[in-house]
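Data block below; observations after.
One-based numbering, in listed order, for ligands and for the atoms of each.
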Amino acid sequence: MLTRMWKVDKDVDRLNTYPQIVEAAGILAKNEVVALPTETVYGLGGNAENDEAVAKIFAAKGRPSDNPLIIHIAGRQQLADIVAEIPEMAEKLMDAFWPGPLTIIFNKKQGKLSELATAGLSTVAVRMPGHPVALSLIEAANLPIAAPSANLSGRPSPTTAQHVHDDLDGRIAGIVDGGPTGVGVESTVVDCTGSIPVILRPGGITKELLEEVVGEISTDPALTDATQAPKSPGMKYRHYAPNAPLHLVAGDVRKIQALVDEKRAEGLKVGVMTTEENVTSYQADVIFPCGRRNQLETVAEALYDTLRAFNESDVDIIFGEIFPETGVGVAVMNRLTKASGFPII
Ligand code: TXA
Ligand code: MG
């Protein structure tokens, strides 16, 4: 399949009337799948009302069919069509954070959405993305758009159109290139079907910010206890992994350097994933900084690009620094531990 590329300037007015957006929206309406930028990561969008379109999303990514998709909407009127009811806590969260990197789980209204999109669950994940290109494309298509991250299943999520192209060229109808995304990690997923909100996946909106709006909030215990089954089906899969094994290290530069030296002495090519502050402190075969430690938002923004960059190098093993689990650091460490798959050294 020929994968079209549309470049759009996200800052122009009335984007939904732009020829590139109108063309991409027309392709979505024909139940083909198109990658689009959001403020978190690129998504692979398809008509959420149509089984054929949703099946194409799962096929292009190689995604397990028991992992439901997030439904992206451009306005509150679209929400009423797909959810059974809107709890007060969800109302407060939407007022505070939509459009933006927050996904809310609702009880589903039967009949409207493709059953494949929600993996047959009685609930549905919905978000209104805070990106002008995503919003205008959804508006122009006039459809709810199911969109997982636009990577091959298991690989780091894409934060540029080039990342999408690297994974999905020839497998999807097109890519709308709106430049690099901003937040860098996926949306926070919050379940609002119970008595208090529960964080199922940490993300762009921190727990602290959510608490300011709704008060008490809990976190799925499976996020910190590997023996529990996660409430969000996607959280049970290994994810984001670079090709070479990634070992996270709790400790200073000297501890990491000693590990690097040991592996190099065995003849291995060793990579280090560090931050701008420490980039000149190591001696290794490949050293990539991932944002600035003193500003965790920059680490989130650079995370997936850095993990992907190691795949372009020929390292045999990677050692990575860890980050404090405060603010967006919670999401960063969640993704890093999944990318690693090993206990922290
Ligand atoms: O920022 C994002 O959320 C990006 C952009 C493209 O919007 N999307 C994204 O989608 O990260 P995906 O498919 O990679 O992750 C969706 C997560 C998965 O962990 C999935 O299991 C969970 O949301 N999810 C979807 N529907 C759910 C439901 N009804 N109940 C619980 N978890 C659900
Ligand atoms: Mg994903």
Protein contact to atom 32 (N) of ligand 1 [nearest heavy atom, distance to 0.1 Å]: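 Result: S232 OG, 3.0 Å.
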For atom 20 (C) of ligand 1, the protein heavy atom that lies nearest, with its residue and separation: N67 OD1, 3.2 Å
For L121, atoms of ligand 1 separated by under 4.0 Å from a heavy atom: 28 (C), 29 (N)
Distance filter under 4.0 Å to T123 heavy atoms, resulting ligand 1 atoms: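 Numbered from 1, ligand 1 contributes 28 (C), 29 (N), 30 (N).
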Nearest atoms (heavy-atom pairs only) where L79 meets M94: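 Smallest heavy-atom distance, with atoms named: CD2-SD, 3.5 Å.
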Any pair counted as side chain to side chain donor-acceptor pair (under 3.5 Å), so long as it reaches residues 81-93, sequence neighbours left out: R76-E91, E85-N107
Check whether any heavy atom of [X] sits under 4.0 Å from an atom of ligand 1.
X    : answer
R127 : yes
P101 : no
H72  : yes

Location of contacts on I105 toward ligand 1, heavy atoms closer than 4.0 Å: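 I105 to ligand 1: side-chain contact only, backbone stays beyond 4.0 Å.
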Side chain, backbone, both or neither: R63 near ligand 1, heavy atoms under 4.0 Å: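 Side chain only; the backbone of R63 stays clear of ligand 1.
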T40-ligand 1 polar pair, N/O distance under 3.5 Å: yes
Sphere of radius 2.8 Å around the Mg ion (ligand 2) - protein N, O or S atoms inside: S149 OG
Member of V315, V272, T306, V279 meeting the side-chain contact (heavy atoms from CB on, under 4.5 Å) criterion with F288: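 When V315, V272, T306, V279 are each tested with F288, the side-chain contact (heavy atoms from CB on, under 4.5 Å) holds only for T306.
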